[in-house]
Amino acid sequence: GGFPTNNFKTGRFAGASKISGETQAALETARGGLATHGCHKGCVIRCSGIYNDKDGNFLTKQPEYETVWAHGANCGIDDLDAIAMMDRLDDDYGLDTIEMGATIAVAMDAGLAKFGDAAAAINLIKEVGKGTHLGRILGNGAAVTGKVFGVERVPVVKGQAMPAYDPRAVQGIGVTYATSTMGADHTAGYSVTANILGVGGKVDALKPEGQVDLSRNLQIATAAIDSTGMCLFIAFAILDQPDTFQALLDLLSGFTGANLTGDDVVALGKSVLKNEREFNLQAGFTSKHDRLPDYFKNEPLPPHNVTFAVKDEDLDKVFNW
Ligand code: SF4
């Protein structure tokens with residue numbers, strides 16, 4: 001019940017099975033593409049892939065979960081070929097797929113196209129590529145598009161569109177969206193781990209309790225991992241396996257010549273966040289910007305009918321350590 005559908009109106013998409021990872025993997029394999037592929041040598045997770053068109057010709061690299069959601073469920077579209085085409089267009093034009101999916105959904109709410117109309121969604125992205133007046137508005141993202149067309153329900157924080165988890169049904173990720181220095185960025189503190197996946201503990205996704213601590217700890221760990229250049233997906237392994245975390249420390253120690261401990265990694269993450277927060281302060285950001293749009297607090301999300309319930313004063317404690 002946390003899969004944002006039709007511009008964050010419900011948390012469940014009737015066409016989910018048509019655009020699922022399993023469906024995409026089977027289609028890619030049947031067409032001679034690749035359902036799994038390492039984006040760099042030596043990766044054992046291999047979350048990338050190759051998506052071919054129905055004639056077996058390369059169309060795009062495997063659209064990942066966020067992209068499939070953004071151009072799929074969030075726009076009411078359950079056609080994988082159309083989603084893959086939009087991914088290809090985004091790549092060719094240099095557009096972020098999450099931001100463009102959110103933008104098209106806001107444009108649909110504004111009446112520029114109907115939810116579920118894949119051909120119209122593709123044409124809207126082509127407007128951006130052509131640089132038309134409409135395309136230049138859409139190309140500026142969901143926040144600008146919402147302002148220009150007078151749409152009130154625009155899922156952004158600090159001007160950046162939210163990704164594929166509704167913060168009402170996954171409240172820990174809502175804390176990260178609200179307080180991340182960059183905007184509504186899921187990777188800055190992926191609370192989906194303990195909220196949904198049961199990785200690194202378990203915190204009830206539908207309730208506010210425990211979400212601030214969860215998001216804080218993940219934001220610190222993520223800032224540290226990101227600054228090492230490691231792929232963030234190693235976090236799934238190091239969160240639950242002390243041996244694997246030690247292996248990361250050994251690797252970093254060997255590379256830098258320092259004898260790093262777990263406390264050193266935490267200190268590194270905190271110092272990165274402190275610098276980023278300081279940059280934002282100097283740029284004019286205040287605690288008022290560490291908030292979700294009001295409708296997430298006032299408008300219950302079906303089917304669980306929950307609102308985002310983490311209090312503002314608790315959001316202001318995320319960076320108190
Ligand atoms: S897990 Fe990371 S390094 Fe491996 S394929 Fe995925 S993005 Fe690339």
Side-chain angles (χ1 to χ4, degrees), residues 3 19-29 31-52 58-72 80 83-84 86-92 94-101 160-165 173 176-177 180 182-200 217-256 265 268-269 272:
F3 193 51
I19 60 170
S20 70
E22 292 84 352
T23 302
Q24 182 171 256
L27 190 64
E28 286 167 337
T29 305
R31 290 177 175 180
L34 281 175
T36 179
H37 165 72
C39 77
H40 81 81
K41 203 174 168 185
C43 176
V44 295
I45 300 175
R46 296 165 61 86
C47 75
S48 190
I50 303 286
Y51 191 103
N52 287 345
F58 176 83
L59 178 57
T60 186
K61 52 92 181 78
Q62 176 173 275
E64 60 170 15
Y65 170 73
E66 306 287 347
T67 303
V68 173
W69 159 78
H71 284 308
L80 271 177
I83 292 166
M86 288 188 264
D87 177 66
R88 169 64 184 265
L89 291 171
D90 287 345
D91 287 352
D92 285 353
L95 301 167
D96 179 82
T97 56
I98 294 174
E99 190 68 45
M100 273 320 289
Q160 177 168 307
M162 288 180 194
Y165 318 88
I173 203 73
T176 298
Y177 291 165
S180 143
M182 204 169 88
D185 174 11
H186 59 301
T187 67
Y190 192 66
S191 309
V192 174
T193 47
N195 276 177
I196 304 285
L197 302 171
V199 174
N217 292 336
L218 287 167
Q219 289 196 55
I220 291 168
T222 303
I225 293 172
D226 279 351
S227 64
T228 67
M230 302 293 291
C231 170
L232 186 56
F233 284 171
I234 65 163
F236 290 104
I238 64 174
L239 278 172
D240 272 342
Q241 298 173 354
D243 289 355
T244 313
F245 183 61
Q246 186 58 48
L248 172 67
L249 294 178
D250 292 346
L251 187 152
L252 295 175
S253 296
F255 188 74
T256 61
V265 172
L268 170 64
V272 170

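Basis for what follows: all heavy atoms, side chains included, without hydrogens, waters or symmetry-related copies. First listed ligand is number 1; within each ligand, the first listed atom is number 1.
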Q: State the OG1-CD1 distance between Thr187 and Ile225, to the nearest 0.5 angstrom.
A: 11.0 Å
**Q.** Contacts of type salt bridge (charged side-chain N to carboxylate O under 4.0 Å, His left out), residue Arg31, not counting sequence neighbours
**A.** Asp81
Q) Between Ser180 and Asp185, does any side-chain donor sit less than 3.5 Å from a side-chain acceptor? A) no
(Q) Under 2.8 Å from atom 8 (Fe) of ligand 1, which protein N, O or S atoms do you find? Ignore water molecules. (A) Cys39 SG
Q: Only counting residues at least two apart or in another chain, list the ones meeting salt bridge (charged side-chain N to carboxylate O under 4.0 Å, His left out) with Asp226.
A: none
(Q) Out of the candidates Asp92, Asp91, Asp90, only one should pair with Arg88 under the salt bridge (charged side-chain N to carboxylate O under 4.0 Å, His left out) rule; please name it. (A) Asp92
Q.
Phe233: which residues meet the side-chain contact (heavy atoms from CB on, under 4.5 Å) condition with it, sequence neighbours left out?
A. Ile45, Cys47, Cys231, Phe236
